Amino acid sequence: MASPTEASTGPDRLGFAVKVLGRPGLKSNDSRRWQNSPHLKTSVVYLDAIFEYLAETGIRMYRISSEIAPYVTHPDMPQFHGQIEESADELAELGERIRQLDIRVSMHPSQYIVLNSPQERVARSAVADFTHHARFLDSLGAGPEAKIVTHVGGVYGDRPAAMRRFVERYRVLPETVKARLVLENDEISYPVDDIAAIHDECGIPLVFDILHHRVNNPAALDDAAACRRCLATWPEGQTPKVHYSTQRTEARTQPKGDGPRRPAKSGEHDDWIDGGDFVAFLRRLPAARFDVMLEAKQKDLAVLRLREAIEAAGMDRRIW
DNA sequence: CGATGTCAAGGAATC
DNA sequence: GATTCCTTGACATCG
């Protein structure tokens with residue numbers, strides 16, 4: 001790499017999360033239960049096949065399942081805790097392949113990982129979980145753009161105090177975690193202006209999620225302004241990342257018969273990305289560079305379909 | 001084989 | 001303090 005940074009000079013990236021739909025039989029992690037001794041090494045074999053598929057389709061961004069190392073932080077199952085070390089060779093090899101393919105990877109720990117919880121036990125286990133995620137990405141030899149995405153957490157009846165707890169706990173995280181942790185606006189509790197305030201306190205980079213913003217935007221910031229606010233929080237030389245999805249407008253399962261149609265729940269992801277909306281969004285941010293993680297139910301198929309809309313629109317801004 | 005129950009974990013609303 | 005929903009898929013067991 002020519003510069004100390006790793007920002008790509010190619011087009012910005014379009015990616016998807018975890019599950020592959022475009023080819024039958026590809027699994028994203030070893031999800032067997034503990035009785036059957038699942039292992040990270042098995043997940044790595046699965047990932048290898050997924051990256052082969054990504055190479056064939058030219059998809060250059062992918063969110064790895066946070067269940068990749070089964071039970072690795074489970075408090076009652078110490079026999080699972082050494083999986084990352086046990087898989088060091090396999091992970092190094094996989095990481096080499098990921099770098100050759102120039103794929104940006106990320107992870108997104110589950111809803112149970114809550115750094116700002118008033119319960120010390122919960123906060124400690126969040127730190128342990130982040131640490132394990134960082135250790136996994138480090139074992140791949142992934143660069144600094146391989147991020148771990150989280151939310152602020154709960155409100156607990158006192159928003160300022162809950163935000164302060166996030167900041168205080170972020171400040172004392174291990175450096176390996178701080179190098180990778182990024183904060184996303186959520187659909188219920190913490191909109192962009194709140195996470196921006198948290199960034200101002202502790203410097204954590206922000207991931208703009210457009211769907212969450214559209215359903216949780218009390219400050220009435222427009223999409224492009226809110227996005228710009230988040231993009232500006234990233235360190236020089238790292239390409240920011242944005243989450244993009246289209247809101248489902250009609251419930252997936254409808255009552256049988258001629259009865260009234262049931263509306264979708266607010267904030268539910270649609271199967272696909274609205275290409276016209278996406279192109280319009282990008283056109284409002286002509287000078288900005290950022291990678292886009294799509295969160296559509298049709299996963300990789302939605303990436304492939306969105307490419308068609310981008311091409312048809314004849315965009316100047318390059319994203320693929 | 002198809003149907004059904006289960007899964008480590010938190011938060012919030014409800015009673 | 002206990003219960004249920006949130007949301008998701010796929011494993012695992014049952015009939």
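Chain naming here is simple, since letters A, B, ... match the order of the sequence lines and numbering starts at 1 in each. Please read all numbers here as calculations on a predicted model, not as lab measurements.
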Which listed nucleotide (dA12(C), dG11(B), dA10(C)) is nearest to the side chain of Lys19(A)?
dA10(C)
Which nucleotide in the set dC6(C), dA12(B), dA12(C) lies at the smallest distance from any side-chain heavy atom of Gln111(A)?
dC6(C)
So which nucleotide from dA12(B), dA10(C), dG11(B) ends up closest to the side chain of Ser31(A)?
dA10(C)
Would you say the ring centers of His108(A) and His133(A) fall short of 6.0 Å from each other?
no
Quick check on dC11(C): is either OP1 or OP2 less than 4.0 Å from any side-chain nitrogen or oxygen of Asn36(A)?
no
Between dA10(C), dA9(B), dG10(B), which nucleotide has the shortest distance from any of its atoms to the side chain of Glu67(A)?
dA9(B)
Applying a 4.0 Å non-hydrogen cut-off, can you work out what Gln119(A) is touching in the nucleic acid: base, sugar-phosphate, or nothing?
sugar-phosphate
Which value, in whole Å, describes the distance between the P atoms of nucleotides dA13(B) and dT7(C)?
14 Å
Please report, rounded to the nearest Å, how far the C1' atom of dC5(C) is from the CD atom of Glu268(A).
15 Å
When rounded to the nearest Å, what value does the distance between P atoms of dT13(C) and dA8(B) take?
13 Å
Selected nucleotide, minimal atom distance to Ile113(A) side chain, candidates dA9(B), dG11(B), dA8(B)
dA9(B)
Donor + acceptor pair across side chains of Asp277(A), Tyr244(A) (<3.5 Å):
yes
Please state whether the phosphate of dA9(B), meaning OP1 or OP2, lies under 4.0 angstrom from any side-chain nitrogen or oxygen of Ser125(A).
no
Closest to side chain of Tyr156(A), choosing from dA10(C), dA12(B), dT8(C):
dA12(B)
For His151(A) and dG10(B), what is the distance between atoms NE2 and C1' respectively, to the nearest whole Å?
13 Å
Can Lys147(A) and Gln238(A) be counted as having a side-chain donor-acceptor contact under 3.5 angstrom?
yes
Describe, in one word, how the ring planes of His74(A) and Tyr71(A) are oriented to each other, choosing from parallel (under 30°), tilted (30 to 60°) and perpendicular (over 60°).
tilted
Could you give the NZ-to-C1' distance, from Lys27(A) to dC11(C), as a whole number of Å?
9 Å
Touch class at under 4.0 angstrom, heavy-atom based, for Asp129(A) against every strand present:
nothing
Distance-only criterion, 3.5 Å: show the donor-acceptor pairs between side-chain atoms of residues 188-195 of chain A and protein atoms not counting sequence neighbours.
| unit_1 | atom_1 | unit_2 | atom_2 | d |
| --- | --- | --- | --- | --- |
| Tyr190(A) | OH | Gly154(A) | O | 2.8 |
| Asp194(A) | OD2 | Arg159(A) | NH1 | 2.9 |

Parallel, tilted or perpendicular: ring planes of His269(A) versus His212(A), cut at 30 and 60 degrees
parallel
Nearest whole Å is fine: how far is dA10(C) P from Tyr46(A) OH?
12 Å
Using the P atom on both, measure dC1(B) against dT8(C) and round to a whole Å.
28 Å
For a side chain to side chain donor-acceptor pair (under 3.5 Å) check, start with the C-alpha distance between His81(A) and Thr73(A), then their side-chain angles and the critical distance, and finish with the verdict.
CA-CA 6 Å; His81(A) 292 185; Thr73(A) 57; over 6 Å; no
Can you check the distance between dC7(B) and dT3(C), where both ends of the measurement are the P atom (answer in whole Å)?
16 Å
Show your reasoning for whether salt bridge (Lys or Arg N to Asp or Glu O under 4.0 Å) applies to Glu120(A) and Arg169(A).
CA-CA 11 Å; Glu120(A) 291 294 334; Arg169(A) 292 188 177 140; 3.1 Å; yes
How close or far is atom P of dC7(B) from atom CG of Asp76(A), stated in whole angstroms?
14 Å
Grab the CH2-P distance between Trp34(A) and dT6(B) for me, whole Å please.
16 Å
Are there runs of at least three consecutive Watson-Crick or G-U pairs touching DNA chain B, with each pair's two distances under 3.5 angstrom? Give them by first number.
B:1-7 with C:9-15, B:10-15 with C:1-6
Verify whether one side chain among His213(A) and Asp209(A) offers a donor that lies under 3.5 Å from an acceptor in the other.
no
Arg124(A) CZ to dA9(B) P, straight-line distance once rounded to whole Å
17 Å
Taking only side-chain N and O atoms of Arg121(A), does any of them lie within less than 4.0 angstrom of OP1 or OP2 on dA9(B)?
no
Under the 3.5 Å rule, do the base of dC11(C) and the side chain of Arg33(A) count as making a donor-acceptor pair?
yes
If the cut-off is 4.0 Å, is Thr73(A) near the phosphate of dA8(B), judged by side-chain N/O to OP1 or OP2?
no
Can you tell me how far P of dG10(B) sits from CZ of Phe166(A), to the nearest Å?
18 Å
